[in-house]
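Since the structure comes first, as structure tokens, the remarks are kept for the end.
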Amino acid sequence: MVKLRHLRKTFLPGTTSGRMALCDVSLDLAAGDFVTIIGSNGAGKSTLLNAVAGVFPVDEGTIIIDGQDVTALPEHGRAPVIGRVFQDPMQGTAGSMSIEENLAMAARRGERRRLARGVAQKDRKAFRDYLALLGLGLENRLADPVRLLSGGQRQALALLMATIKKPKLLLLDEHAAALDPRTAQDILALTDRLVKRHGLTVMMVTHNLRHALAFGNRTVMMHEGEIVLDVGGPERSGMTVADLLERFHATRGERLADDRILLEV
Amino acid sequence: MISLGALGGALEQGLVYAVMALGVYLTFRVLNFPDLTVDGSFPLGAAVAAKLICSGVDPVLATAVAPVLGFVAGATTGVLNTKLKISGLLAGILTMTALYSVNLRVMGRANIPLLRSPTILTTLRGLGIPGSIAALLLFLSCAVAIKLVLDAFLRTEFGLALRATGDNEVMIRSLGVNTDSMKIVGLGLSNALVALSGAMVAQYQGFADIGMGIGMVVAGLASVIIGGAIFAPTSIGLATFGAVAGSVVYRFAVFFALRLGFAPTDLKIVTAALVVIALSGPAIRRASLGMERRRAAGHGKAEASSENVLARNH
Ligand SMILES: Nc1ncnc2c1ncn2[C@@H]1O[C@H](COP(=O)(O)OP(=O)(O)O)[C@@H](O)[C@H]1O
Ligand SMILES: [Mg+2]
């Protein structure tokens, strides 16, 4: 479903601060794969997701999604196949617009915007049913501006928006990290529910090792722009957070200075 | 005594400038883009219409050409900003400055009188509409029609994407919208309205002048702000109504300021001051609120604000 081949990215090349944020990253995802991505700060996790989403072009390598080479496409050109949720709940929704308008825009992800009515009556019924999945009562607030919602509610809505039109690949970059622990738990549970419901292929960045093992079927660890660990299957099922750290050290043959960041559980 | 005719004149002005205010609303409020092209595209519309009318073109057709060129002017600012990465403010200033030369070229001189030429107003009189209400009728129906079309447009799929571009560019791009194109089209449409307003104003006042665009952005902004203050818009329909009504209120304010003895040349500073006060309102309120908070905190009354709690009722 997703083939990332030899991706390289250097920010500010030629300057002293220029360093390789992605060095030769290759990763294959089968349809239905749910990969959790971990790694210390600055490891290149966000850079990887942004490269896949097309926020910036990569220096080298190819990105193939569902058989289509999207490497040369701009961000908006990749939207037909990619759904995204950001870390900041404000970034995934338009605050001045209503819940139904936000959903309507998401339902047309990657389509040509026409001069047809933005929110049709028949959309509303579908939106209401879909919002009811959240159990937050938002289905009765279709016309409310999104700015009235709490951060958790906005992030839940952002998740619905990213999946209302089934994407070939869902990108989640620490999308629960800005929320309080209870709300984060809710958002992750919702993520799991939506992923299973639609049978989505997912790349989810998290800084929480427990979550990395609890969700998805595969875990990838990044360090200094490289993938240093990739576990799945039975090997992963029996894994604990301690095992995961152990594997990391074994692979690198060194101890990380910032274990604390990795160890946040 | 204030004559009814004078008041009617202020109303007519308010309505004809309302078309310009709707354009300013589209950039400043919807696209969140401070567009200064307006000071050039307003006289552009006037110049083109006046020149065409003087060359014998039908006034209705001449008026219709103005928004087309206004669109090109706005789109130019959009291209400068999105493709050449020039800041929005500077892009508008560059287009506006360039338009000064363009407008002079179009007119061939600094002023074209239209007093003895046919205009859209004489066309209306030709249709049997009494001259005393022709302007009011034309400008009212024009402002209302454009307001309604704009409302409907902003609720289309395209309109939603345009509004989202002004609200949250990252989000709408991730949903597959080319935000560069949105800005270019939005700026184009805005300046089309501004140029149309300029074309009508020229025919209404009986001349096109190279200097008639000076301060137009600020006047449009004042109208939008006044409208927003009076109607606290909670919907698109109310917001555009606010822009129209704000324009009328603004022209009445100008009218009364002149009667109070202000020199016409002093009005721009009064308008600028008005906009400063309106725009700085929130900042001043925040600052004074912060001061109160600090005072309250000093007395140990500060309360921790707990935000962003997802309701847990499932
Ligand atoms: N837009 C950018 N410009 C310059 N450097 C960047 C940019 N984005 C990321 N980097 C750098 O690339 C490296 C990887 O960052 P990132 O992918 O954000 O790490 P993380 O794994 O914490 O998400 C870091 O050294 C970061 O400073
Ligand atoms: Mg990151």
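All chains are named by letter (A, B, ...) in the order of the sequence lines, taking the proteins before the strands, and each is independently numbered beginning at 1. Being a predicted model, the structure only gives us computed values, none of them experimental.
Considering CZ of R113(A) and CG of L160(B), their distance stands at 8.5 Å, rounded to 0.5 Å. Here L175(B) contributes atom CG and E111(A) contributes atom CD; the two are 11.0 Å apart, rounded to the nearest 0.5 Å. One distance of note links CD of E75(A) with OG1 of T179(B); it measures 8.0 Å at 0.5 Å rounding. One finds the CG atom of D167(B) at 8.0 Å from the CG atom of N102(A) (value rounded to the nearest 0.5 Å).
A donor-acceptor distance shorter than 3.5 angstrom exists from the side chain of N168(B) to the backbone of M90(A), with no hydrogens or angles considered. No donor-acceptor pair under 3.5 Å is formed between the side chain of E157(B) and the backbone N or O of A116(A).
Counting heavy-atom pairs closer than 4.5 Å to chain B, the top residue among G77(A), G110(A), P167(A), A53(A) is G110(A). Among the candidates R155(B), R173(B), E169(B), the residue making the largest number of heavy-atom pairs closer than 4.5 Å to chain A is R173(B). Per-residue counts of heavy-atom pairs under 4.5 Å with chain A were compared for S174(B), A164(B), G159(B), S235(B); the largest is that of S174(B). With chain B as partner, the option from S98(A), A120(A), A79(A) having the largest number of non-hydrogen pairs under 4.5 angstrom is A79(A). For the options M97(A), R117(A), Q155(A), heavy-atom pairs under 4.5 Å to chain B are most numerous at M97(A).
The part of I82(A) that comes within reach of chain B is its backbone (N, CA, C, O), which places non-hydrogen atoms under 4.5 angstrom from that chain. Neither the backbone nor the side chain of R78(A) comes within contact range of chain B, judged by heavy atoms closer than 4.5 Å. Contacts between L154(B) and chain A at a heavy-atom distance below 4.5 Å are absent for every atom of the residue.
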inquiry  = Using the rule given for side-chain contact (heavy atoms from CB on, under 4.5 Å), can you reason through V177(B) versus R108(A), listing the C-alpha separation, both sets of side-chain angles and the distance that settles it, and then say yes or no?
reply    = CA-CA 10 Å; V177(B) 169; R108(A) 306 265 180 285; over 6 Å; no
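Shown are R84(A), M105(A), Q91(A); of these, the side chain to side chain contact (heavy atoms under 4.5 Å, CB included) with M171(B) is made only by M105(A).
The 12-atom threshold is exceeded at NZ of K83(B), counting heavy atoms of other residues, nucleotides or ligands nearer than 6.0 Å. Within a 6.0 Å radius of NZ in K165(A), other residues, nucleotides and ligands contribute more than 12 heavy atoms.
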